[in-house]
Protein chains: 2
Amino acid sequence: MSTAEETTGGEIEPWEEVTPDAARRLLVAAVEAFAERGYHATTTRDIAGRAGMSPAALYIHYKTKEELLHRISRIGHDRALSILRTAAAGEGDATGRLADAVSSFVRWHAGRRTTARVVQYELDALGPDARAEILDLRRQVDAEVRGIIEDGVASGEFAVLDVHGTTLAVLSLCIDVARWFNVDGPRTPDEVGALYADLVLRMVGAAK
Amino acid sequence: MSTAEETTGGEIEPWEEVTPDAARRLLVAAVEAFAERGYHATTTRDIAGRAGMSPAALYIHYKTKEELLHRISRIGHDRALSILRTAAAGEGDATGRLADAVSSFVRWHAGRRTTARVVQYELDALGPDARAEILDLRRQVDAEVRGIIEDGVASGEFAVLDVHGTTLAVLSLCIDVARWFNVDGPRTPDEVGALYADLVLRMVGAAK
DNA sequence: GCCGAAGGTGAGCGGCCGCTTAGCGTGCCT
DNA sequence: AGGCACGCTAAGCGGCCGCTCACCTTCGGC
């Protein structure tokens, strides 16, 4: 119904890169609808209606309904990846960088839950080509987190037996926030980010 | 195309409680279809086809397509809850019981990934009444895990600041296995169960 | 003041959706 | 042998789906 919550970090309003204005309104409407009902249960009439337009207007800016999902997924993954890259490229030790990465990644999944839900859970609705493109971005996400954990193991900060498995678990934990997080619930995105950073440091055996 | 993998534990073939035979075949077909494509993208013609029947046959055994999802969700949650209850009621200390609970819960989500996917991710497709019934089961699932963690804190085995938040994270970690686990991947359900039990014990600060 | 491009609409097409109905085959009860 | 309950199918209904098309505005350039 509005663009209220803002705990993600620097960005004031996302999707500003999408132009013209009508195309952005349609995309924002699609994000909301896909997050609420899922891609397949959302109709093009619903999307256009939320954007205050007729059903036909959608096809001036997007070739198909799937292209909308593709664009959302692409932009969302780019954003998630850049959040992780910023944290991973920080100057502190592995412990601090992992805590940064997890807390900011979680803050995004909680604060931008609507977007994150679509990005993380509607992947299967994409066709083979778009799907492959997104999966490649996911591998880069995985590599960023794994890199920090490997650094920590090499420096002796972390005690991890299965680096790949632990990386998977850390990412899985963060991503699933988008499924259960409730804006009206008792926790703020910042609080969940702090809690999860602590839990993840425990998982890798970092000194407190 | 068959019921191959078996790492869940005692059960040989699930859904045996569903009778008559045709109703069970339809239900198994629905589980496969829902897990592959999602509830809304699955057609009644597809379900009936997989079960080797005509579309109309479905409505002899089930009132609507949603009733199929409801039955699947109900049986799946009952099974998940009974797995956790068995572990929680064990005789060991909290550390052992939590490790048991996590490893068996994860084994189920990995080994019975098809079912778990439907159970955990298609909840929103249910109507209000069925949804409320399932949400009640989820609260019981949460209570079982929280109970073990509270026991461990009381006995001094665990060092946990936020019991509710940690419970949420532990369950979230286990449940998300159903999203990423790949039967053709490098890990067996048993291996993931063991890895996750170790990670969770670290999360609660249990002595190794 | 005219013109074409850009962005929008109302109506509607072909098709697939969930679900229903009339009727058919089969096997058990008497 | 007759009857009938049960499980199932073929056909199809009403409706909504993604998407298209013919047409209508608005507006900057000359």
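Just so it is clear: chains get the letters A, B, ... in the order the sequence lines come, proteins before strands, and each one is counted from 1. Keep in mind that this is a model prediction, so the values were computed, not measured.
- Of the listed residues (B/Leu195, B/Val177, B/Val200), just one forms a side chain to side chain contact (heavy atoms under 4.5 Å, CB included) with B/Val106, and that residue is B/Val177.
- Comparing D/dT9, C/dG7, D/dG18 against the side chain of A/Arg45 picks out D/dG18 as the nearest.
- Of the listed nucleotides (D/dC8, C/dG18, D/dC21), D/dC21 has the atom at the smallest distance from the side chain of A/Ala56.
- Atom CG in B/Leu58 sits roughly 16 Å away from atom P in C/dT21 (whole-Å rounding).
- Between the P atom of D/dC17 and the CG atom of A/Asp46 lies a distance of 9 Å, rounded to the nearest Å.
- Side-chain atoms of A/His70 and A/Glu133 form a donor-acceptor pair, as typed in the model, at a separation below 3.5 Å.
- Nucleotide D/dG18 holds its P atom 13 Å from the NE2 atom of B/His40, rounded to whole Å.
- For the 3.5 Å distance criterion, the side chains of A/Arg85 and A/Gln140 qualify, holding a donor opposite an acceptor.
- For C/dC19, one of the phosphate oxygens OP1 or OP2 lies less than 4.0 angstrom from a side-chain nitrogen or oxygen of B/Tyr59.
- When rounded to the nearest whole Å, the span between CG of A/Asp21 and C1' of C/dA6 equals 15 Å.
- Among D/dC8, C/dG18, C/dT9, the nucleotide with an atom closest to any side-chain atom of B/Thr44 is C/dG18.
- In this structure, A/Leu26 places its CG atom 14 Å from P of D/dC19, rounding to the nearest Å.
- The phosphate of C/dG8 has OP1 or OP2 within less than 4.0 Å of a side-chain N or O from A/His61.
- Between A/Ile47 atom CD1 and D/dG18 atom C1' the separation is 11 Å, expressed in whole Å.
- Put simply, CD1 on A/Ile60 is 13 Å from C1' on D/dT26, counting in whole angstrom units.
- In this structure, B/Met53 places its CE atom 10 Å from P of D/dG7, rounding to the nearest Å.
- As judged by a 4.0 angstrom heavy-atom cut-off over every strand, B/Thr43 is placed among residues touching the sugar-phosphate backbone only.
- Considering only side-chain atoms of A/Pro20, the nucleotide from C/dG7, D/dC8, C/dG12 that sits closest is C/dG7.
- In this structure, B/Lys65 is not positioned above the aromatic face of B/Phe34 in the sense of NZ or CZ being under 6.0 Å from the six-membered ring centre and within 45° of the axis.
- At D/dC8, none of the side-chain N or O atoms of B/Ser54 fall inside 4.0 Å of OP1 or OP2 (strictly under the cut-off).
- Salt-bridge annotation for B/Arg131 and B/Asp124: present, with a side-chain N of the basic residue lying under 4.0 Å from a carboxylate O of the acidic one.
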